[in-house]
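To start, the structure under review is shown below, and the notes come after it.
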Amino acid sequence: MADGDPPVRRALFLHAPLRRRPRAVLERMLELVDDDTPPDGPDGPVAVLERRLAGLLGKERALFFPSGTMAQQAVLRVYADRSGRRTFAGHPFTHLDVWEEQGYNAVHGLGFRRTGDMHELMTARDLTAIGEPLAAVVWELPQRDLGGLLPEWDELGEQVGLMRATGAAAHLDGARLWEAQTYYRRPLDEIAGLFDSVYVSLYKSLQGVRGAVLAADAGTVAAAAVWRQRLGGGIADAWPLALAALTGLDTVAERMPAYREHAIAIAAAVNADGAARTRPDPPQTPLFHVHLPASRRAVEQAGRALLEEQGVQLWGRVRSGPDPSRCSFEVTVGENAMDFTPEEVAALIRDVLTRTAE
């Protein structure tokens, strides 16, 4: 929320300030350290985090980055330089293109091939129709801008195999990999094992402060480390970011199945109420979208009134759509959302829509 906004007392929004206040974060971090914990070195929090995630993801090495933007640019640059190909492919809604100001091109001179329909998941047919040599293909699991949709497991394996046969590297944007695991119900290393490299966020699923980790074979990680330094990411004293992520690994990760079940229950209540609808129905992961029959501006105004009167924050951002009379918002169920019953969420959404009609 912006400066001057009313205080948030309850929040459905995952990244609301309630669990991210400095004191709360620091108290959780203190549980992992004592007077003998070193700030760096082989026993420091960053090294511990890297080893732990390399093991969980079944990769030879893992490397901390201050941001996922940097991590993914670095590994794509490595694949481009290694193959002599300057183009990578991915879904039209890939985070690299939509949210990162096309840094892959501005910084690295790489091209992006948008693949498939922007409102549907990529398919094997979409990928085989590309018809040009690629350095890499990026899969985002789950696809955030499609409401957390995931391809079925066998289809995903087919897609990766087809692209690998062309000489393209397979990279996983696993910023929300823990959410995806709740649908696939396979070990993390089995999911990551489909891909040559995988990036995971430390502050999305794991509710850390900031940062990312890239995991791959030792050679790819070593080459990515060079680009990390060139891009200014070889920062000292990153241990607080690593500690915050480690607390998430110890507490949040194991709660993901419960979050998914609560997401399914919330979506069922919203759809049964009939004032709004969710996509998908039912949710595949703890992430889904709520679509509203009202304009973005009207919903934003109603949401602010709800926050002022009740201290309840339902979303972080309202998304417009092709139809200006409709909009949507994202729900990612975490500990904040567990404080709401499904029926209460449906009632709050109806309250918002009632306000838009006044």
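Just the heavy atoms: all of them, side chains too, but no hydrogens, waters or symmetry mates, feed the values below.
With a 4.5 Å cut-off on side-chain heavy atoms, Leu249 and Leu49 count as touching. Residues Tyr184 and Trp153 meet the side-chain proximity criterion, which asks for heavy atoms closer than 4.5 Å. Proximity of Pro240 to Met29: side-chain heavy atoms (C-beta onward) are separated by under 4.5 Å at one or more points. The shortest distance between side-chain heavy atoms of Val138 and Phe195 does not fall below 4.5 Å. Here the side chains of Tyr259 and Thr285 are not in contact, with every heavy-atom distance at 4.5 Å or above. Considering only heavy atoms from C-beta on, Pro280 comes within 4.5 Å of Leu149 through its side chain. Within the 4.5 Å cutoff, no side-chain heavy atoms of Ser328 are placed close to those of Val290. At a threshold of 4.5 Å between non-hydrogen side-chain atoms, the residues Asp173 and Trp139 do not count as touching.
For the pair Leu121 and Asp126, the tightest heavy-atom approach, listed with the atom from each and the gap, is O-OD2, 4.0 Å. Closest non-hydrogen pair, Phe64 versus Gly211, comes out as CE1-CA, 4.2 Å. Of all the heavy atoms in Gly232 and Met70, the pair that sits closest is C-CE, 4.3 Å. When all heavy atoms of Ala245 and Leu206 are compared, the closest pair comes out as O-CD1, 4.3 Å. Counting all heavy atoms, side chain and backbone alike, Leu188 lies closest to Leu56 at CB-O, 3.5 Å. Here the closest heavy-atom approach between residue Tyr199 and residue Ala71 is recorded as CD1-CB, 4.5 Å.
Between the Asp273 side chain and the Ala269 main chain, no donor and acceptor come within less than 3.5 Å of each other. In terms of modelled atom types and a separation under 3.5 Å, the side chain of His108 and the main chain of Leu76 share no donor-acceptor contact. Side-chain atoms of Arg260 come within 3.5 Å of backbone atoms of Gln284 as a donor-acceptor pair (strictly under, hydrogens ignored). Remark: side-chain polar atoms of Gln313 are not paired, donor with acceptor, to backbone N or O of Ala11 under 3.5 angstrom. A donor-acceptor pair is defined here as one N or O able to donate and one able to accept, closer than 3.5 Å; such a pair exists between the side chain of His91 and the backbone of Asp117. Under the 3.5 Å distance criterion, the side-chain polar atoms of Asn105 are matched with a main-chain donor or acceptor of Leu110. In terms of modelled atom types and a separation under 3.5 Å, the side chain of Asp351 and the main chain of Leu348 share no donor-acceptor contact. A distance-only check finds no donor-acceptor pair linking the side chain of Thr220 to the backbone of Ala216 [under 3.5 Å]. Without hydrogens or angle criteria, Arg9 side chain to Gln310 main chain gives a donor-acceptor distance under 3.5 Å. A side-chain donor-acceptor contact under 3.5 Å links Thr354 to the backbone of Arg350.
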**OP:** Could you give me the CA-CA distance, side-chain angles and deciding distance for Tyr104 and Phe88, then say whether ring pair (Phe, Tyr, Trp, His ring centres under 6.0 Å) is met?
**Re:** CA-CA 10 Å; Tyr104 57 83; Phe88 71 97; 5.1 Å; yes

Original post:
Are His171 and Val137 close enough, and set up right, to give a side chain to side chain contact (heavy atoms under 4.5 Å, CB included), and what steps lead you there?
Top reply: CA-CA 6 Å; His171 173 68; Val137 179; over 6 Å; no

**OP:** Decide side chain to side chain contact (heavy atoms under 4.5 Å, CB included) for Phe112 and Thr94; before the verdict, give the C-alpha distance in whole Å, the side-chain angles of both, and the deciding distance to 0.1 Å.
**Re:** CA-CA 10 Å; Phe112 172 53; Thr94 185; 3.3 Å; yes

**OP:** Dump the intermediate steps for salt bridge (Lys or Arg N to Asp or Glu O under 4.0 Å) on Lys59 and Asp217, then the final yes or no.
**Re:** CA-CA 6 Å; Lys59 300 299 184 186; Asp217 62 274; over 6 Å; no

**OP:** Quick one: do Glu140 and Arg144 satisfy salt bridge (Lys or Arg N to Asp or Glu O under 4.0 Å)? Show the steps, please.
**Re:** CA-CA 8 Å; Glu140 181 183 348; Arg144 176 192 181 188; over 6 Å; no

**OP:** Go through Glu300 and Arg296 one step at a time and tell me if the salt bridge (Lys or Arg N to Asp or Glu O under 4.0 Å) criterion holds.
**Re:** CA-CA 6 Å; Glu300 287 175 338; Arg296 176 178 63 85; 3.1 Å; yes

**OP:** Tell me, with the steps shown, if Leu12 and Asn336 meet side chain to side chain contact (heavy atoms under 4.5 Å, CB included).
**Re:** CA-CA 6 Å; Leu12 189 68; Asn336 290 347; over 6 Å; no

Original post:
Can you check side chain to side chain contact (heavy atoms under 4.5 Å, CB included) on Leu63 and Val213, steps first, answer last?
Top reply: CA-CA 5 Å; Leu63 183 68; Val213 163; 6.0 Å; no

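A 6.0 Å sphere centred on CH2 of Trp227 holds more than 12 heavy atoms belonging to other residues, nucleotides or ligands. Around the CD atom of Gln301, the shell of radius 6.0 Å holds no more than 12 heavy atoms that belong to other residues, nucleotides or ligands. Residue Arg82 places its CZ atom among more than 12 non-hydrogen atoms of other residues, nucleotides or ligands, all under 6.0 Å distant. Residue Arg317 places its CZ atom among more than 12 non-hydrogen atoms of other residues, nucleotides or ligands, all under 6.0 Å distant. Heavy atoms from other residues, nucleotides or ligands lying under 6.0 Å from CD of Glu155 number more than 12.
For Glu132, the side-chain contact (heavy atoms from CB on, under 4.5 Å) partners two or more places apart in sequence, or in a different chain, are Thr87, Arg113, Ile130, Leu134.
Side-chain N/O atoms of Ser295 and Arg326 include no donor and acceptor closer than 3.5 Å. With 3.5 Å as the limit, one finds a donor-acceptor pair spanning the side chains of Asn271 and Thr278.
Linking Ile, Leu, Val, Met, Phe, Trp and Tyr whenever their side-chain heavy atoms come within less than 4.5 Å leaves Leu214 and Leu246 in two separate clusters. Side-chain heavy atoms closer than 4.5 Å link hydrophobic residues (I, L, V, M, F, W, Y) into clusters, and following such links, even through other members, never connects Phe13 to Val318. The hydrophobic clustering, which links ILVMFWY residues whose side-chain heavy atoms are closer than 4.5 Å, places Val33 and Leu26 together. No single ILVMFWY cluster, assembled from side-chain heavy atoms under 4.5 Å apart, contains both Leu202 and Val75. Hydrophobic clustering (ILVMFWY, side-chain heavy atoms < 4.5 Å, transitive): Phe288 and Leu150 are in one cluster.
The pair Asp81-Arg77 meets the salt-bridge criterion, since a charged nitrogen lies less than 4.0 angstrom from a carboxylate oxygen. Using a cutoff of 4.0 Å between basic side-chain nitrogens and carboxylate oxygens, Arg52 and Asp250 are scored as salt-bridged. By the 4.0 Å N-to-carboxylate-O rule, Asp97 lies close enough to Arg114 to be salt-bridged with it. A salt bridge links Arg355 with Glu309; the closest basic N to acidic carboxylate O contact falls under 4.0 Å. Of the charged side-chain nitrogens involved, none lies within less than 4.0 Å of a carboxylate oxygen, so that Glu330 and Arg279 do not count as a salt-bridged pair.
Going from atom OG1 of Thr115 over to atom CZ of Arg125 covers 15.0 Å, rounded to the nearest 0.5 Å. With rounding to the nearest 0.5 Å, the separation of CH2 in Trp178 from OG in Ser201 is 8.5 Å. The distance from atom CE of Met256 to atom CD of Glu254, rounded to the nearest 0.5 Å, is 11.0 Å.
Listed by first and then second residue, the side chain to side chain donor-acceptor pair (under 3.5 Å) pairs involving residues 36-51 are Asp34-Thr37 (not counting sequence neighbours).
Below 30°, between 30° and 60°, or above 60°: for Phe329 and Trp315 the angle between ring planes is between 30° and 60°, a tilted geometry.
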